[in-house]
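In what follows, a single structure is set out as structure tokens and then discussed.
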Amino acid sequence: MKDNTIHTIEKLALPKVYFEEGSITAINNGLDIPFEVKRVFYTYDVPGGQDRGGHAHHNLFQLVVAGSGAFDLRLDDGRESKV
């Protein structure tokens, strides 16, 4: 696995299909995202201003999706950080 840094992070445009009844986005392994999904976490009902995570992940790829609402994502590769 290559050395990932803040500069290797990508923002993906996920496909959106519009219907009168509501829109849908399907995320397919290897097609819409460039890695295989092995596990899914849902974080919800986090009060405004609260922090989640605060720990390191090594040697993995992640896709973070805001299902509704909004949040800040703080990224840190051990050399640089950004929100």
Side-chain angles (χ1 to χ4, degrees):
M1 183 172 294
K2 68 182 179 180
D3 186 28
N4 291 308
T5 70
I6 292 288
H7 304 287
T8 60
I9 294 167
E10 299 177 41
K11 184 175 182 179
L12 299 178
L14 297 173
K16 187 172 185 178
V17 181
Y18 297 92
F19 294 100
E20 257 184 55
E21 309 83 26
S23 301
I24 187 170
T25 295
I27 302 172
N28 300 284
N29 275 336
L31 182 62
D32 302 307
I33 54 175
F35 56 88
E36 180 185 354
V37 174
K38 294 184 180 180
R39 198 150 78 173
V40 176
F41 294 93
Y42 294 95
T43 302
Y44 51 93
D45 295 339
V46 179
Q50 292 297 310
D51 288 337
R52 292 276 311 150
H55 56 277
H57 290 245
H58 299 279
N59 299 324
L60 63 81
F61 294 96
Q62 291 184 320
L63 173 67
V64 179
V65 177
S68 67
F71 56 85
D72 289 329
L73 187 61
R74 185 167 324 169
L75 308 168
D76 188 323
D77 64 12
R79 293 177 291 277
E80 296 181 62
S81 65
K82 70 178 182 178
V83 175

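- In terms of heavy atoms, I6 sits closest to S81 at CD1-CA, 4.2 Å.
- Using modelled atom types, no side-chain atom of N29 and backbone atom of E36 make a donor-acceptor pair closer than 3.5 Å.
- In this structure, CG in D72 is found 13.0 Å from NZ in K82, a value given to the nearest 0.5 Å.
- For K16 against T25, the heavy-atom pair with the smallest separation is CA-OG1, 3.8 Å.
- Both L63 and Y44 sit in one connected hydrophobic cluster of ILVMFWY residues. Membership requires side-chain heavy atoms under 4.5 Å apart, directly or through other members.
- For the pair D32 and P15, the tightest heavy-atom approach, listed with the atom from each and the gap, is OD1-CG, 3.6 Å.
- Atom CD of Q50 has more than 12 neighbouring heavy atoms from other residues, nucleotides or ligands inside a 6.0 Å radius.
- Summarising the geometry of R79 relative to T5, their closest heavy-atom pair is NH2-CG2, 3.2 Å, with the distance given to 0.1 Å.
- Taking CG of L14 as the start and CD1 of I27 as the end, the distance is 4.5 Å to the nearest 0.5 Å.
- V37 is not connected to L31 by any chain of hydrophobic side-chain contacts under 4.5 Å among Ile, Leu, Val, Met, Phe, Trp and Tyr, and they are in different clusters.
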From CA spacing to verdict: side chain to side chain contact (heavy atoms under 4.5 Å, CB included), F71, V46: CA-CA 10 Å; F71 56 85; V46 179; over 6 Å; no
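- Connection of Y42 to V65 is established within a shared hydrophobic cluster, with ILVMFWY side chains joined at heavy-atom distances below 4.5 Å, either directly or through further cluster members.
- Cluster annotation: I9 and V83 are assigned to distinct hydrophobic clusters (Ile/Leu/Val/Met/Phe/Trp/Tyr, side-chain heavy-atom contacts under 4.5 Å, transitive).
- Under the 4.5 Å side-chain heavy-atom criterion for ILVMFWY residues, a single connected hydrophobic cluster contains both L75 and V64.
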